[in-house]
There are 2 protein chains.
Amino acid sequence: MSTATKRMNKSDLKLIAVLERTGGFASAQELHQILRREGDGIGLTTVYRALQSLVDDKIVDLLRREDGEAIYRLCGDNHHHHLVCKSCGDTVEIEGGAIEKWAKTMAEEFGFREVGHTAEIFGICSKC
Amino acid sequence: MSTATKRMNKSDLKLIAVLERTGGFASAQELHQILRREGDGIGLTTVYRALQSLVDDKIVDLLRREDGEAIYRLCGDNHHHHLVCKSCGDTVEIEGGAIEKWAKTMAEEFGFREVGHTAEIFGICSKC
DNA sequence: CACAAAAATGGAAATGATTATCATTTTCAT
DNA sequence: ATGAAAATGATAATCATTTCCATTTTTGTG
C-alpha cells in the first residue's frame with residue numbers, strides 16, 4: 001500500500017505553524033505580516049501559493065470576511081458547516097445532519113452522483 | 001405619523017427592477033452590463049452607489065461569491081438553491097425547505113438574528 | 001561528490017472589483 | 001425662475017489576489 005504522503009514544503013509547514021499558534025482566522029496579508037515580523041523573509045506570493053495548496057488539500061478552510069477578503073484557518077477533519085456573524089466575524093461550527101440528508105435526497109432525485117455540497121448560515125450574533 | 005417614505009431615486013428603482021426581473025443573485029458588474037445592454041447609459045459608479053444604499057435600507061441582501069465578488073438580491077425574495085453538474089455545468093433550481101428550517105433552527109440555538117444562508121449542491125449529472 | 005532536472009521562491013507587473021474625487025447636471029422647493 | 005441640495009458618471013486611486021519570470025534550492029542518480 002502507498003504511504004499517501006502529502007507533499008508539503010517548508011512554506012506550507014510555516015503557514016500551518018502560524019495558523020496553529022494564532023488559532024483563529026487570518027487573511028493572507030495578515031499571515032504574511034506575522035511571518036515577516038518574526039524575521040521570516042517569506043514572500044507574499046509564496047504565502048498565497050501555500051495557502052492555496054493547503055486549501056486544495058483540505059488542510060485549511062477558506063471563508064470570507066464581510067468585505068470579501070479571504071480568511072483562512074486550520075480545519076478539523078470532520079465535515080462541518082459554519083454559522084458566521086456578519087458583524088464581528090465570530091464563527092460557530094455546526095453539524096449539518098439535515099443538510100447532508102437534503103443534499104443526498106435532492107441529488108438522487110435528479111440523478112446526480114459524486115455529490116458534495118456547501119452551506120453557510122450568516123446573521124448577527126447575540127453579542128453584536 | 002410620518003409617512004416613513006424611503007428616499008429612493010431613479011437609479012435605485014432601476015436596480016430593483018432589474019433584480020426583480022432576473023430574480024436571483026447578480027454582481028454589480030453584471031447588473032451594470034444588463035442595464036447597459038438595455039440602452040441605459042447608467043454609470044458603474046451609480047450602480048455601486050445605488051446597491052450600497054439599497055443594502056443599507058435592507059432592501060437588498062449582499063452575499064459573496066466563492067471568489068469574493070459581491071452579489072446582490074432582493075430581500076425576502078423567496079430564494080431557491082442550485083444543483084450544479086461539475087462536469088457540464090448544467091444547473092437545476094431546487095427548493096430548500098429543509099435547509100430553511102435547519103438554518104433558522106441553528107441560528108436560533110446560538111442566538112443569531114437577521115439570518116440568511118447559502119447552500120449549493122454539486123455533483124455529476126446523469127447525462128455526464 | 002557532481003550535475004542536470006524539477007520544484008520552490010519572491011519581486012515586479014497585471015488584473016479586477018470596489019471606492020474616492022470632483023466637476024457637471026438634474027431635481028425641487030420657493 | 002433660481003439657488004441649494006442631491007444625483008450622476010468619468011477618471012483616478014486602492015487593495016487583495018494572480019500572473020510572469022528569472023533566480024535559487026532541492027532532489028535523484030551515476
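Here is the naming used below: chain letters follow the sequence lines, and residue numbers restart at 1 for every chain. Computed from a predicted model, the values in this text were never measured in an experiment.
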> Would you please name every residue forming a side-chain hydrogen bond (donor to acceptor under 3.5 Å, both in side chains) with A/Arg65, sequence neighbours left out?
A/Glu30, A/Glu69
> Could you write out each protein N or O paired with an N or O of nucleotides 11-17 of chain D at a distance under 3.5 Å?
| residue | atom | partner | partner atom | Å |
| --- | --- | --- | --- | --- |
| D/dT17 | OP1 | A/Ala70 | N | 2.8 |
| D/dT17 | OP2 | A/Tyr48 | OH | 2.6 |
| D/dT17 | O5' | A/Tyr48 | OH | 3.3 |

> For D/dT8, does either OP1 or OP2 sit under 4.0 Å from a side-chain N or O belonging to B/Asn9?
yes
> Closest approach of B/Leu13 and B/Met8, non-hydrogen atoms and distance?
CD2-SD, 3.7 Å
> Whole angstroms only, please: what is the CG-P distance between A/Leu15 and C/dT9?
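Taking atom P of C/dT9 as the reference, CG of A/Leu15 is at 10 Å.
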> Indicate the ring-plane relationship of A/His81 and B/Trp102, choosing parallel, tilted or perpendicular according to the 30° and 60° boundaries.
perpendicular
> Where is the tightest heavy-atom contact between B/Val92 and A/Phe110, given as atom of each residue plus distance?
CG1-CE2, 3.5 Å
> Using side-chain heavy atoms (C-beta onward) and a distance below 4.5 Å, is A/Gln33 in contact with A/Arg37?
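The answer is yes, as the side chains (C-beta and beyond) meet within the 4.5 Å cut-off.
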> Check each residue of residues 30-43 of chain B for a non-hydrogen atom within less than 4.0 Å of any atom in DNA chain D, then write out the ones that pass by number, or none.
B/Arg36, B/Gly41, B/Ile42, B/Gly43
> With rounding to the nearest 0.5 Å, note down the distance linking CE in A/Met106 to CZ in A/Phe112.
12.5 Å
> Applying side-chain hydrogen bond (donor to acceptor under 3.5 Å, both in side chains), can you list everything that pairs with A/Glu38, at least two apart in sequence or on another chain?
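A/Glu38 satisfies side-chain hydrogen bond (donor to acceptor under 3.5 Å, both in side chains) with A/Arg21 once adjacent residues are dropped.
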> Please report the distance, rounded to the nearest Å, between CG in B/Leu51 and C1' in D/dA7.
15 Å
> When rounded to the nearest 0.5 angstrom, what distance separates NZ in B/Lys14 from CG in B/Leu35?
7.0 Å
> Please state how far atom CG in B/Asp67 lies from atom P in D/dT19, giving the value in whole angstrom units.
12 Å
> When the distance from CD of A/Gln52 to C1' of C/dA7 is rounded to whole Å, what number comes out?
17 Å
> Rounding to an integer number of Å, can you tell me how far A/Asp12 CG sits from C/dT9 C1'?
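About 12 Å, once rounded to whole Å.
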> Which atoms of nucleotides 25-27 of chain D (N or O only) lie under 3.5 Å from a protein N or O atom, and what are those distances?
| residue | atom | partner | partner atom | Å |
| --- | --- | --- | --- | --- |
| D/dT26 | OP1 | A/Lys10 | NZ | 2.8 |

> Can you list the residues that meet the side-chain hydrogen bond (donor to acceptor under 3.5 Å, both in side chains) rule with B/Glu109, with sequence neighbours excluded?
none
> Rounded to whole Å, please give me the gap between CG in B/Leu13 and P in C/dT27.
14 Å
> Going from CZ on A/Arg64 to CG on B/Leu63, what distance comes out if it is rounded to the nearest 0.5 angstrom?
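Here the rounded value is 13.0 Å.
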> When rounded to the nearest 0.5 angstrom, what distance separates CG in A/Leu51 from CD1 in A/Ile71?
12.0 Å
